[in-house]
Enquirer: 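The structure that follows is given in the form of structure tokens.
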Amino acid sequence: MAITFYEYPKCGTCRKAKKWFADKGIEVNAIHIVEQPPSKEELRDLFEKSGLELKKFFNTSGQKYRELGLKDKIKDMSEDEALSLLASDGMLIKRPITTDGSKVSVGFKEEQFEESWS
């Protein structure tokens, strides 16, 4: 199973998730989420496969999120507007995003990874 792993290498959560995969002997195709952010179409696909609310794809603890005042704006955005905004800046996207083409996880929780990726 080929796993795509969107990460920000300086992110502690991404490093923990990557180590989890390494410890399990699972190879991932790591993509730098800031240098190569997923396109709007890729994000739409990830969002639809994830079963999560679109809000869960936003890095709500990020500086950029706060600077843009998105906390109050997201609820009034259309899905299309939110996806365009996410695609415009990898720092707005919660990470890591992990997918094998059919399953998608956002963020890193060890128990969720055990369930999804073991």
Enquirer: side-chain hydrogen bond (donor to acceptor under 3.5 Å, both in side chains) with Lys16: which residues, sequence neighbours excluded?
Expert: none
Enquirer: For Ser88 versus Leu85, what's the shortest heavy-atom pair and its separation?
Expert: OG-O, 2.5 Å
Enquirer: Evaluate side-chain contact (heavy atoms from CB on, under 4.5 Å) for Phe113 paired with Ser118, printing each intermediate quantity in order.
Expert: CA-CA 7 Å; Phe113 264 50; Ser118 281; over 6 Å; no
Enquirer: Looking at Lys64 and Asp89, would you say the former's side chain and the latter's main chain have a donor-acceptor pair under 3.5 Å?
Expert: no
Enquirer: Please round to the nearest 0.5 Å and tell me the distance separating atom CD of Glu115 and atom NZ of Lys103.
Expert: 10.0 Å
Enquirer: Who passes side-chain hydrogen bond (donor to acceptor under 3.5 Å, both in side chains) against Glu42, sequence neighbours left out?
Expert: Ser39
Enquirer: Which pairs would a plain distance check flag for residues 48-60, meaning a side-chain donor or acceptor within less than 3.5 Å of a matching protein atom at least two apart in sequence or in another chain?
Expert:
{"from": "Lys49", "atom 1": "NZ", "to": "Asp45", "atom 2": "OD1", "distance (Å)": "3.4"}
{"from": "Lys49", "atom 1": "NZ", "to": "Asp45", "atom 2": "OD2", "distance (Å)": "3.1"}
{"from": "Lys49", "atom 1": "NZ", "to": "Gly101", "atom 2": "O", "distance (Å)": "2.7"}
{"from": "Ser50", "atom 1": "OG", "to": "Phe47", "atom 2": "O", "distance (Å)": "2.8"}
{"from": "Ser50", "atom 1": "OG", "to": "Leu52", "atom 2": "N", "distance (Å)": "3.0"}
{"from": "Asn59", "atom 1": "OD1", "to": "Ser61", "atom 2": "OG", "distance (Å)": "3.3"}
{"from": "Asn59", "atom 1": "OD1", "to": "Gly62", "atom 2": "N", "distance (Å)": "3.4"}
{"from": "Asn59", "atom 1": "ND2", "to": "Met91", "atom 2": "O", "distance (Å)": "3.4"}

Enquirer: Ile97, Ile26: one ILVMFWY side-chain cluster at the under-4.5 Å cut-off?
Expert: no
Enquirer: State the CD-OG distance between Glu111 and Ser116, to the nearest 0.5 angstrom.
Expert: 10.5 Å
Enquirer: For the residue pair Lys24 and Glu114, establish whether any side-chain heavy-atom pair is separated by less than 4.5 Å.
Expert: yes
Enquirer: Is the number of heavy atoms from other residues, nucleotides or ligands under 6.0 Å of Glu67 CD greater than 12?
Expert: yes
Enquirer: Which pairs of donor and acceptor atoms, one on a side chain in residues 2-15, lie under 3.5 Å apart (sequence neighbours left out)?
Expert:
{"from": "Glu7", "atom 1": "OE2", "to": "Lys18", "atom 2": "NZ", "distance (Å)": "3.0"}
{"from": "Arg15", "atom 1": "NH1", "to": "Pro9", "atom 2": "O", "distance (Å)": "3.4"}
{"from": "Arg15", "atom 1": "NH1", "to": "Lys10", "atom 2": "O", "distance (Å)": "2.9"}

Enquirer: Rounded to the nearest 0.5 Å, what separation is found between the NZ atom of Lys94 and the OH atom of Tyr65?
Expert: 11.0 Å
Enquirer: Report yes if some heavy atom in the side chain of Ile93 is under 4.5 Å from a heavy atom in the side chain of Val106; otherwise report no.
Expert: no
Enquirer: What about Val28 and Leu46, same hydrophobic cluster or not, with Ile/Leu/Val/Met/Phe/Trp/Tyr joined at side-chain heavy-atom distances under 4.5 Å?
Expert: no
Enquirer: Check side-chain hydrogen bond (donor to acceptor under 3.5 Å, both in side chains) between Glu35 and all other residues, then give those that pass, not counting sequence neighbours.
Expert: none
Enquirer: Once side-chain hydrogen bond (donor to acceptor under 3.5 Å, both in side chains) is applied, do any residues pair with Asp80, and if so which ones, sequence neighbours excluded?
Expert: Lys40, Arg44
Enquirer: Would you say Thr98 and Trp117 are linked by a side-chain donor-acceptor pair, where the criterion is simply a distance under 3.5 Å?
Expert: no
Enquirer: Quick one, Ile31 and Asn29 - any side-chain contact, counting heavy atoms below 4.5 Å?
Expert: yes
Enquirer: Can you tell me how far CG of Asp76 sits from CG of Asp72, rounded to the nearest 0.5 angstrom?
Expert: 9.0 Å
